[in-house]
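Here's the structure we're looking at; comments come further down.
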Amino acid sequence: MIMQEPPFRDPAAPLHDRIGDVLRRLTIEEKLGLLHQYQAPVERLGIGPFRTGTEALHGLAWLGPATVFPQAIGLASTWDPDLLHRVGAAAGDEVVACHHKDPAGAGLNVWAPVVNPLRDPRWGRNEEGYSEDPWLTSVLATAYARGLGGSAPDDDGPPAVLKTAPTLKHFLAYNNETDRCATSSNLPPRVLHEYELPAFKQPIESGAAVAVMPSYNLVNGRPAHLSPLIGQVLRAWAPGDLLVVSDAYAPGNLTGLQGYHDTLPEAYAHAVKAGLDSFTQDDDRAQATLGHLRAALDQGLLTEQDIDQAAGHALAIRFRLGEFDPATPYDDVTDSVVNCPEHRALAREAARRSFVLLENDGLLPLRDVRKVAVLGQLGDTLMEDWYSGTLPYAVTARAGLAERCETVFCEAVDRVTLTAESGPVAADPAGGPLSVGAPEAGLFDVFDWGGGAYALRSVTTGRFVSVDGTTLVNDQPGPNGWEVRQTFRMEERPRGTLALRHISTGCYVGAADDGVLRLVDDADQAVWLAMDVVRSGTAEAARLAAEADVAIVVAGDHPLVNGRETEDRLTLALAPAQDAVVRAAREANPRTVLVLTSGYPLTWTTGDLPAVLWSAHGGQEYGHALAEVLFGDADPEGRLTQTWYRSEHELPDLLDYDIIASDATYQYFRGVPLHPFGHGLSYTTFGYTGLRVRLDGDVVHAEVTVTNTGPRPGVEVVQFYTHQQRSRVKQPLRRLRGFEKVRLGPGESRTVELRLPVSDLAFWDVTRGRFVVERAPHRLMAGRSATDLRLSAGFEVEGEVVPPQRGPLRAACHDEYDAITFVDAGRSDGDAVRSDAEGAWILFREVDLTGVTTCVARAGSTEGGVITVRLGDPLHGPAPAGFPVPRTGRYDHQAIPVSLEGVDGVHDLYVVFENEGVTLTVIEFGAGA
């Protein structure tokens, strides 16, 4: 007898029907088993195990050697969606190959790309994102996700069978590592809808991304994992099922660091109802999570329908990956694709095209060069970051340049001895403990990674000093791992000595009775060390620079030190010791090029450098790519996707997410940056002529002619920006609307066009809770960067006039504010505001109070307080109403009615909080009987 396959095995059946068939066959326990990162098999149905969470941010990661492409911020600097699509496709192939080799270790749900707009360059995870512009981020993320998922470049939608299932990270408003699980990101409605959400929209709406990961932080007082926006917005955008996976160990924070719920069954039930489908908790040990979900069911906090919905989302991704089909288009992908010649060539191309020429007085491209001095801590090494694969090989700057000309090299670090009162410090030749009192001083090389973080390498062993338990040893190849144990701070002590403080533990280095260096808790027990320089790194760099035709200083960051996941930066400055090397090389040789390699913007102090070139950490082919750009084999194509500020002092507080109020990012920044968004020089020059703009129905048409006015071929990124010149609200100074990358020979011209839907000119109208296109004049600008705009032309839009406000005034939907925090109005939904100080206020512009005689405020406070309504001015304006706010619970907001006298017409209305800690949700006006 031939057994008939169940309907869910039929690839021709509708996806909804296949999911429904599986769910009807599963027991409740089997359904629950699908809600963990490690989904349990259902052997009786022939359903195998499944796991979410393979990392592929810029190539396959964490699973051994694989092709390592430039960091995400570097890929973005190419401004080339086609390139990102090809890199995504290559990474997807390598994920599939590893999955075929090890299905349990390499799942097909990929946690990439990261689409958080890079609001603040001090964010520790800056290297993971694409741009401070949300639209550019969405374009590049969509391209990369489409490559990961298996879409062809010219496909309009996702493939019939996904190669991998891309997951967008991290929803929502996540740009700080400092207390990241406990801080709340303040998001006014305009910032939410105009800046944060748009980065997620296109990848989801196009079907390129099929999953989303919420972030660790809270948003307006509510954990992101419980955000009602998951269901209200993200799933409304998605053309099909959207899988929502938690970040690692984030569910436990709901009762832990965040304390949002008292019990885990309550917290997990809330998460499922908010839209979370997969719990990444306790690694592969699912029992506790499933137990809490079962308890939530037993307590009536969840229904089986809630479980079916979440399990259905998890199953949908597995169906779309072809797991239950007889065959998939990717069955023949083998391990041979990993680091194959095509992927190595692509890695080289991506690295070459990501370089951004920041400054150049004509020194580059290099000509008639016979001898180059390669200097700096990054001159002969390549770095892996937390989300990169293991480098299969490494072409360093030194190696790449050595293929082109004679090179000399030094790391330009100080070589020192360390001496305590009881004698010199020495390293065990076998890599064991460091000790004091040795008969002969050991030599150590000192690496400055900025922000006060130093690493020490033993000259004897060539290994870095680390901490094993509490003992200092020298057995590591460099800073590494999730908890970096190889970096120290140097604190001054009397008589020119210093104490070493271990950064990851905060403990000091002390000497035990046997002389072995160990960590101690008490600063008074720290051993005082005299550091004597045996060989100066700057002097050595200056000597080699003076003897060379050109000096190339390769400086920058270490991706695992002083700016990484869990650690924000405090400064934008290049590490002081590296900065000193740049200055010494420049003084010794006027023909000095600074090559910056970093995952974020940097500043330096040498102001007359003839050339500065930047790239992110560029992967395995970095050195070849660098040589091709330096010697002019290729035009530097990269353009910045982030503003490079002159100092961190030009930035708002790291936790200030309101880019509009704080004049942040290129859209609102009023200063003169070190280098603007979109900046990047070429080895040739370009002229812009003939900008024409016309409005054709619902589309703005623009075109501009770009000409290569220089002597050699070059690449230009033509950028279009707009500015709304009159508005009810504060508008961006400029906003990127389109771009095109063109390659032109000498004297060659091309006309570049822009088609911009008028609807894209909308802003979020807080008075009516929707996007609106205003009737207003606009300026369209074309040029080379956000501040190098060569041509502009005006056009008029016949849109709406926002009327005065009449309806309920929701407190979170105000126009301006002072000393206000956004908070959750209720556990499940709604935003409110809370005063942070006496005299805090919110402003509602143009409120029509005609005929109004009554007013009701819904407010509360654990200590009580007073709210005053004033007209025209928060301090001295007439006060037609005051509300005594009673003492209430956190969410127990009371309706407080008052009468209004002598109020009529349209006014700017200030709601003033006379006390700290008062929460307001809404104010409503009415007419008396």
Side chain to side chain contact (heavy atoms under 4.5 Å, CB included) between D815 and Q805, worked out: CA-CA 11 Å; D815 289 288; Q805 304 186 60; 3.6 Å; yes
Intermediate values then yes/no, salt bridge (Lys or Arg N to Asp or Glu O under 4.0 Å), R845 and E816: CA-CA 9 Å; R845 293 196 184 279; E816 294 181 28; 2.3 Å; yes
Side chain to side chain contact (heavy atoms under 4.5 Å, CB included) between N116 and W123, worked out: CA-CA 11 Å; N116 299 108; W123 184 32; 4.0 Å; yes
Test side chain to side chain contact (heavy atoms under 4.5 Å, CB included) applied to F883 and V869, step by step: CA-CA 8 Å; F883 301 90; V869 172; 3.5 Å; yes
Derivation and outcome, side chain to side chain donor-acceptor pair (under 3.5 Å), residues D831 and N220: CA-CA 7 Å; D831 292 337; N220 293 355; 3.2 Å; yes
Evaluation steps, side chain to side chain donor-acceptor pair (under 3.5 Å), between T641 and E132: CA-CA 7 Å; T641 61; E132 71 185 47; over 6 Å; no
Test log, rule side chain to side chain contact (heavy atoms under 4.5 Å, CB included), inputs D658 and N186: CA-CA 7 Å; D658 188 347; N186 264 14; over 6 Å; no
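Between L920 and I842, the closest side-chain pair of non-hydrogen atoms falls below 4.5 Å. Using a 4.5 Å cut-off on side-chain heavy atoms (C-beta onward), T767 and F844 make no contact. A 4.5 Å side-chain heavy-atom check between W644 and T603 finds every atom pair outside the cut-off. Two residues are said to be in side-chain contact when any heavy atoms from C-beta on lie closer than 4.5 Å; S227 and F171 meet this criterion. In this structure, Q667 and I660 have side chains that are not in contact, with every pair of non-hydrogen atoms separated by 4.5 Å or more. The closest side-chain heavy-atom distance from Y721 to R735 is not below 4.5 Å. Using a 4.5 Å heavy-atom cutoff, the side chains of L572 and R122 are in contact. Considering only heavy atoms from C-beta on, F677 stays 4.5 Å or farther from Q642 through its side chain.
Between F669 and Y645, the distance from one ring center to the other falls under 6.0 angstrom.
Between the side chains of N126 and E128, no donor-acceptor pair of N or O atoms lies under 3.5 Å. Side chain to side chain, T178 and D568 meet the donor-acceptor criterion of an N or O pair below 3.5 Å. Side chains of R779 and S792: a donor on one and an acceptor on the other come within 3.5 Å. Side-chain contact annotation: T919 with R834, donor-acceptor N/O pair under 3.5 Å absent. Counted by atom type alone, N176 and Y657 present one or more donor-acceptor pairs between their side chains at under 3.5 Å. Side-chain polar atoms of S131 and D133 form no donor-acceptor pair below 3.5 angstrom. A donor atom on one side chain and an acceptor atom on the other are found under 3.5 Å apart for R235 and H313.
The stretch residues 243-263 participates, sequence neighbours left out, in these ring-ring contact (aromatic ring centres under 6.0 Å, His included) pairs: H261-H270. Residue pairs meeting the side-chain hydrogen bond (donor to acceptor under 3.5 Å, both in side chains) criterion with at least one member in residues 866-887, sequence neighbours excluded: T868-E914. Within the structure, salt bridge (charged side-chain N to carboxylate O under 4.0 Å, His left out) pairs that include any residue of residues 250-273 comprise K273-D306 (at least two apart or interchain). Listed by first then second residue, pairs satisfying salt bridge (charged side-chain N to carboxylate O under 4.0 Å, His left out) with a partner in residues 174-188 read E177-R180, R180-E565, not counting sequence neighbours. Within the structure, the salt bridge (charged side-chain N to carboxylate O under 4.0 Å, His left out) test picks out the following pairs touching residues 661-674 (sequence neighbours left out): D663-R670, D663-K730.
Annotation: the span from F771 atom CZ to L761 atom CG amounts to 12.0 Å, rounded to 0.5 Å. The CG atom of L570 sits 9.0 Å away from the CG atom of L654 when rounded to the nearest 0.5 Å. Note that CG of L197 is 4.0 Å distant from CG of L192, once rounded to the nearest 0.5 Å. Here CG of L736 is found 5.0 Å from CH2 of W135. Values are rounded to the nearest 0.5 Å. The CG atom of L243 sits 5.5 Å away from atom CG of D277, with the distance rounded to the nearest 0.5 Å. Rounded to the nearest 0.5 angstrom, L172 CG and H170 NE2 are separated by 12.5 Å.
Remark: S246 engages T280 in a side-chain hydrogen bond (donor to acceptor under 3.5 Å, both in side chains) (not counting sequence neighbours). The side-chain hydrogen bond (donor to acceptor under 3.5 Å, both in side chains) search around D818 returns none, not counting sequence neighbours. Among residues two or more places apart in sequence or in another chain, the side-chain hydrogen bond (donor to acceptor under 3.5 Å, both in side chains) test is passed with H814 by none. E304 meets the side chain to side chain contact (heavy atoms under 4.5 Å, CB included) test with I28, K31, D308; sequence neighbours excluded. Listed by chain and number, the residues in a side chain to side chain contact (heavy atoms under 4.5 Å, CB included) with V729 are R190, S727, Q731, F763 (sequence neighbours excluded). Under the rule for a side chain to side chain contact (heavy atoms under 4.5 Å, CB included), the partners of A895 that lie at least two apart in sequence or sit in another chain are V856, R858.
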Side-chain donor-acceptor pairs of residues 251-259 under 3.5 Å, sequence neighbours excluded:
{"unit_1": "Q258", "atom_1": "NE2", "unit_2": "C181", "atom_2": "O", "d": "3.0"}
{"unit_1": "Q258", "atom_1": "NE2", "unit_2": "Y216", "atom_2": "O", "d": "2.8"}

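Counting only distance, with no hydrogens or angles, the side chain of T854 and the backbone of G926 share a donor-acceptor pair below 3.5 Å. In this structure, the side chain of R646 engages the main chain of V672 through a donor-acceptor pair within 3.5 Å.
Between N915 and E838, the closest heavy-atom pair is CA-CG, 4.1 Å.
Among R728, R775, R770, the single residue meeting the salt bridge (charged side-chain N to carboxylate O under 4.0 Å, His left out) criterion with E800 is R770. When each of V912, V885, I896, V898 is paired with I867, the side-chain contact (heavy atoms from CB on, under 4.5 Å) condition holds for V885 and for no other.
Around the CD atom of E650, the shell of radius 6.0 Å holds more than 12 heavy atoms that belong to other residues, nucleotides or ligands. More than 12 heavy atoms of other residues, nucleotides or ligands sit less than 6.0 Å from atom CG of D653.
With a 6.0 Å cutoff to the six-membered ring centre and a 45° limit on the axis angle, R569 counts as a cation-pi contact of Y600.
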